[in-house]
Every structure is written in C-alpha cells, then in structure tokens.
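Notes follow once the structure below has been shown.
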There are 2 protein chains.
Amino acid sequence: MYSFTEENYLKAIYKLQEQSSESINTNAIAIVIQTKAASVTDMIKKLSEKKLLNYEKYKGVVLTELGKKVAIETVRKHRLWETFLHNKLNFTWDAVHDIAEQLEHIQSQELIDKLDDFLGFPSHDPHGDPIPGKNGEMKESNFVVLSDLREGELGIISGVVNHSSLFLKHLESNELILGKRILVQVIVAFDNSFQVKIEGKKILQLSNEVARNILVKKMK
Amino acid sequence: MYSFTEENYLKAIYKLQEQSSESINTNAIAIVIQTKAASVTDMIKKLSEKKLLNYEKYKGVVLTELGKKVAIETVRKHRLWETFLHNKLNFTWDAVHDIAEQLEHIQSQELIDKLDDFLGFPSHDPHGDPIPGKNGEMKESNFVVLSDLREGELGIISGVVNHSSLFLKHLESNELILGKRILVQVIVAFDNSFQVKIEGKKILQLSNEVARNILVKKMK
DNA sequence: TAAACTTTTTAGATTAGTCTAAAAATATTT
DNA sequence: AAATATTTTTAGACTAATCTAAAAAGTTTA
Ligand SMILES: [Mn+2]
Ligand SMILES: [Mn+2]
Ligand SMILES: [Mn+2]
Ligand SMILES: [Mn+2]
C-alpha cells in the first residue's frame, strides 16, 4: 500500500507531532530521517497529494487522520516486532530497534494480528513504550522520570526516554532493567545526582542525566 | 549487502540451475521474475560486475560460488520464515509463501540464526523442502513422487512438487497433510489415477496429476 | 524598515529498477 | 544456404527517492 519510505516519513512526522503540537517544519523532518531538506520537500508534496498530510508552503505539515492512522500502524508493527525479538528470540533490548526498523515495513495485516496473538497481546515493548492496539488505541502510561522522585520514594522501572544503544547497554550492565524496584535514598544537592537502591540489594550512584532518562511507575 | 531485487534474481537463477544443469537464459529468468527480457539483461550485467554470476552475451548465465552462496542464504531465510509462520503463528501452508517472500530480505545474520534456534533447527519447511544449514549445507531428501509407488506400497507424505496455493488448499481439504501415511490400494490402468487410503481410514481417488505432485517417503 | 541571516523551495542531476520499440544475434525451417 | 522465426541486447524513456547549488520566502537584528 505505502512504500517503505513513505511509512518512515509518516512515522517521523507523527513522533515530532507528539512532542510539539505545532505544525512540523521541513528541517526537523530532515534531521529525523537523516536526509536533506530538499528531499523532504519533495516527499511532503507526494504525501500531501495522497492526502496523508496537509501542507502549506513554508508553513510545515500536519498529518491528516489517514496519515496518523498509517503512522500508528507502523509504530504498532515496530513495537510488536521489538517485543518478539526480545521475548522470543532473546535479543537484548539495545539490539531490537534496528531490526524492527526493517520488519515494521512487512505488508500483511494478518501477520501482525497473529504476531500480536502469539505474543499474548503485549501492552508495552521492551523499552516500556505502549503498543497501539488493532484499532490504533494507545494506552496512556502514567510513568514519570526517575528524576521527579524525591528522597525515600519508590518506583518500578518501566521505560526509557533515551533509546540509544549506548544508554540501554549502560542500564543493563547496572541491572537497571524493566520491572525492577528502585528506591531513591539520597539526592545530592550539589549535582542533583541520585543514590538509589535496586531491589533491596545493590546501591548505585546515578547522574541526573541518567535519572532524567529512566521512566518509573511511582509507588506509594 | 545485496538489494531486495538482486536477491530475488539470484534465487530465481539458482532455482533454474537446480533443474537444468545448462546455463540459464534470459527469457527463463524473465518468466520467473515476472519481468521483461530487457530488464533481465540489465540486471544480469550488474550481477556480473559484482561477480555474482558469469555472463556471456547471448549465452546465458551461471552463478559463481558467491552468487550461489547468496542464493542459498536467501532460500534458507525464506524457508525458516515459512516454518515460523506455520509452526508458531498458525498460518496454513498455502499462506506462508507470500509473506516469506518479503521476510526473506530482512538483513541480519543474528536474526536468522536466532530464529533457527527458536524453531529448533528444523530440517524441512511446511512444504517439505529442505532448509539449508548455517553454512549452506542442504540435506538431500530421498523423497519420491507418489505416482512412482506401486499397488500395495506405503509412503509418508513428505512434500509437494507444485507449490501453488490452489493445490495446497486442495490437499489440505482432503487431509493430505505432511506426515500422514498413505497406502496405494489400486492404480487404475485406464487413466493412471490412484486409489489411496490415508492413515487406515479415509479412501480417496487421486488423479495422476495429483499423484505426480505429492512427495512421499517410501516405506518398506 | 532595511539589512542580514535562516529556512524552504526549485531546478537540474543521479541511481536503481523498470519499460517499449528497434536492432542485432542466434536458431530453425525450407 | 537462404529465409524465417525466435531470442537477446541496445537505445531511450520513465518513476521513486535522493542529492547539490541556487533562488525565494520568512525571520531576526540593528
Ligand atoms: Mn524502536
Ligand atoms: Mn522505519
Ligand atoms: Mn515458499
Ligand atoms: Mn523473494
């Protein structure tokens, strides 16, 4: 139906829209897609003709309902494949994204529905991101960043903000894995770094930078 | 490494080579790939420059060792994905091929090795075709076509010659499924049709055309 | 508000893969 | 061995997606 490239543009624009609320400009898309602004302009025109987005020269783009639907379907496929790779094939969570970037473009509605079933209709992918349902419905997460917790507060690690392989590997090597309980013991006033305790055992010192990129479910 | 299209050409040429032993001509490739001879000539030149096949103008092509290796890897990926779709996602054996045509082009050695492991290192795909191993080694099947059996002989259904969806659906609806025992009761002299008994129960009348397209492992 | 800077668009090229139509080579018939 | 038919290759064009360089529009600064 839609090409590999079209799906990637729609997904990129969708993710930019999630953050900014304003219409998305050419350069922002170019940076995400890793291409030149001139190429983005060309593709935007094409997507506009196909009614996937609304475009006004020099004013950026906004996805139409159709464009949003296609983008969400692609995100759904991406996250289901990541879950498959992690849960069934034992890929580490830093390795799944690149392969899912390819798999997300396989065309078959039946495939993705059966995969969803096979995985037990998971609600979140290996990075804690919500998986859209068959009809595009997205469960909203009530996660907060670890850096929002105060001393003495407890959370369960539930996701990440930064998805880079470097960061994910760092977390894994420190047992900072999805599902683990994390207790904030001390917040150092000087640099806002966090001293935390994981599942009653290990004590770790986390920079504020790290704390800002870990999502937790806050516990009472 | 190699494009979607290049892999499809190599696979097509490989399959033609398996049958004919002579060098493969342009038209034959065009028919398999469903394209025009002129397009095949263009692609052949490209593959020749990349040392994937040897090409002499007007004399057809022969795969190099490298070309054969890439083709076999693609066949391996195709059949492993078909096995996954059938065994894990419960696709019927007539539905797996088209989706595997897409999946076979996903680039990741680690993915295919882990998939192989996850599936328990299967030796054959859902149509009874052998799955090449990690190093390209192909176990040779000692299957014969059902039409080679004589009256009173027993076989186990092990594969198909014709892979069309129409034929596969026909077999399935008659319980002619991989692994079932099949006994040749009568061969009708008039039209060489076969009266067979499946697993001690059902008696079926199969045209010679059908019998020629079922592979069986012959039992004593 | 005009100059300077930034962003976006256009113009023109490139690459991969495909096509049609015509030319060239090979194969088959007479 | 010609004539005819078939196959293969070439020539030139097209589409999707990309690029560079230059023009145009928009924004900021003085
Ligand atoms: Mn991802
Ligand atoms: Mn993608
Ligand atoms: Mn197949
Ligand atoms: Mn294929």
Side-chain angles (χ1 to χ4, degrees), chain A residues 1-13 16-17 19-63 67 70-71 74 101-102 104-107, chain B residues 1-13 16-17 19-63 67 70-71 74 101-102 104-107:
Chain A
M1 195 67 181
Y2 300 102
S3 76
F4 191 105
T5 310
E6 289 169 333
E7 288 182 349
N8 280 340
Y9 270 86
L10 293 172
K11 203 176 64 156
I13 296 165
L16 288 165
Q17 263 183 29
Q19 299 163 353
S20 73
S21 84
E22 284 161 50
S23 76
I24 307 305
N25 56 345
T26 306
N27 257 352
I29 298 168
I31 289 163
V32 175
I33 302 279
Q34 303 237 63
T35 187
K36 297 296 147 95
S39 307
V40 173
T41 302
D42 283 348
M43 180 57 68
I44 272 173
K45 284 183 190 161
K46 197 177 142 196
L47 296 175
S48 175
E49 267 162 36
K50 292 192 178 185
K51 309 281 182 203
L52 291 159
L53 47 77
N54 295 312
Y55 166 55
E56 265 193 282
K57 261 192 198 174
Y58 295 100
K59 303 237 166 131
V61 301
V62 178
L63 291 181
V70 176
T74 308
E101 280 295 302
Q102 297 181 62
E104 74 188 10
H105 303 294
I106 301 291
Q107 306 275 8
Chain B
M1 195 65 180
Y2 300 103
S3 77
F4 190 104
T5 310
E6 288 169 334
E7 287 182 348
N8 280 340
Y9 270 87
L10 293 172
K11 202 176 65 157
I13 296 165
L16 288 165
Q17 261 182 31
Q19 299 163 352
S20 74
S21 82
E22 283 160 51
S23 76
I24 307 304
N25 57 346
T26 307
N27 257 351
I29 298 168
I31 289 162
V32 175
I33 301 280
Q34 302 236 66
T35 186
K36 298 295 148 94
S39 307
V40 173
T41 302
D42 283 348
M43 180 57 69
I44 273 173
K45 283 183 192 161
K46 196 177 143 196
L47 295 175
S48 175
E49 266 162 36
K50 292 193 178 185
K51 310 281 183 203
L52 291 159
L53 47 78
N54 294 313
Y55 167 54
E56 264 192 283
K57 261 192 195 175
Y58 296 101
K59 302 239 165 127
V61 299
V62 179
L63 290 182
V70 175
T74 308
E101 281 295 303
Q102 296 181 64
E104 74 189 10
H105 303 293
I106 301 291
Q107 306 276 8

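Chain A is the first sequence line, chain B the second, and so forth, proteins listed ahead of strands; every chain is numbered from 1.
For the pair Leu47(A) CG and dA16(D) C1', the interatomic distance rounds to 12 Å; values are reported in whole Å. The distance from atom NZ of Lys45(B) to atom C1' of dT8(D) is 10 Å, rounded to the nearest whole Å. The interatomic distance linking Glu7(B) (CD) with dA16(C) (C1') rounds to 15 Å, in whole Å. Spacing between atom OH of Tyr9(B) and atom C1' of dT18(C) amounts to 8 Å, rounded to whole angstrom units. The CD1 atom of Ile31(A) sits 13 Å away from the C1' atom of dT8(C) (whole-angstrom rounding).
Looking at heavy-atom distances under 4.0 Å, Phe4(A) makes no contact with the nucleic acid at all.
Taking the side chain as every heavy atom from C-beta outward, His105(B) and Gln102(B) never approach each other to under 4.5 Å. Looking only at side-chain heavy atoms (C-beta outward), Val32(A) and Lys11(A) stay at 4.5 Å or farther from each other. Looking at heavy atoms from C-beta onward, Ile24(B) lies out of side-chain contact with Leu53(B) at the 4.5 angstrom threshold. Between Ile106(B) and Ile106(A), the closest side-chain pair of non-hydrogen atoms falls below 4.5 Å.
Just one residue in the list Tyr55(A), Tyr2(A), Tyr9(A) forms a side chain to side chain contact (heavy atoms under 4.5 Å, CB included) with Leu47(A), and that residue is Tyr9(A).
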Which atom pairs link the protein and nucleotides 22-27 of chain D when you take only N or O atoms and keep those under 3.5 Å?
unit_1  : atom_1 : unit_2   : atom_2 : d
dA25(D) : O4'    : Tyr58(A) : OH     : 3.3

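One distance of note links CD1 of Ile31(B) with OG1 of Thr26(B); it measures 11.0 Å at 0.5 Å rounding. Here Leu16(A) contributes atom CG and Ser23(A) contributes atom OG; the two are 11.0 Å apart, rounded to the nearest 0.5 Å. Here Lys57(A) contributes atom NZ and Ile44(A) contributes atom CD1; the two are 12.5 Å apart, rounded to the nearest 0.5 Å.
OP1 or OP2 of dT9(C) has at least one side-chain nitrogen or oxygen of Thr26(A) nearer than 4.0 Å. Under 4.0 angstrom from either OP1 or OP2 of dT7(D) there lies no side-chain N or O belonging to Asn25(B). In this model, the phosphate group of dA16(C) is not approached by any side-chain N or O of Tyr2(B) to a distance below 4.0 Å at OP1 or OP2. Taking 4.0 angstrom as the limit, Tyr55(B) places a side-chain polar atom (N or O) nearer than this to OP1 or OP2 of dT9(D).
Listed candidates were dT18(D), dT7(C), dT8(D). Nearest to the side chain of Asn27(A) is dT7(C).
Taking every heavy atom of residues 33-43 of chain B and every atom of DNA chain D, pairs under 4.0 Å involve Ala37(B), Ala38(B), Thr41(B), by number.
Remark: Asn25(A) pairs with no residue by the side-chain hydrogen bond (donor to acceptor under 3.5 Å, both in side chains) rule, at least two apart or across chains.
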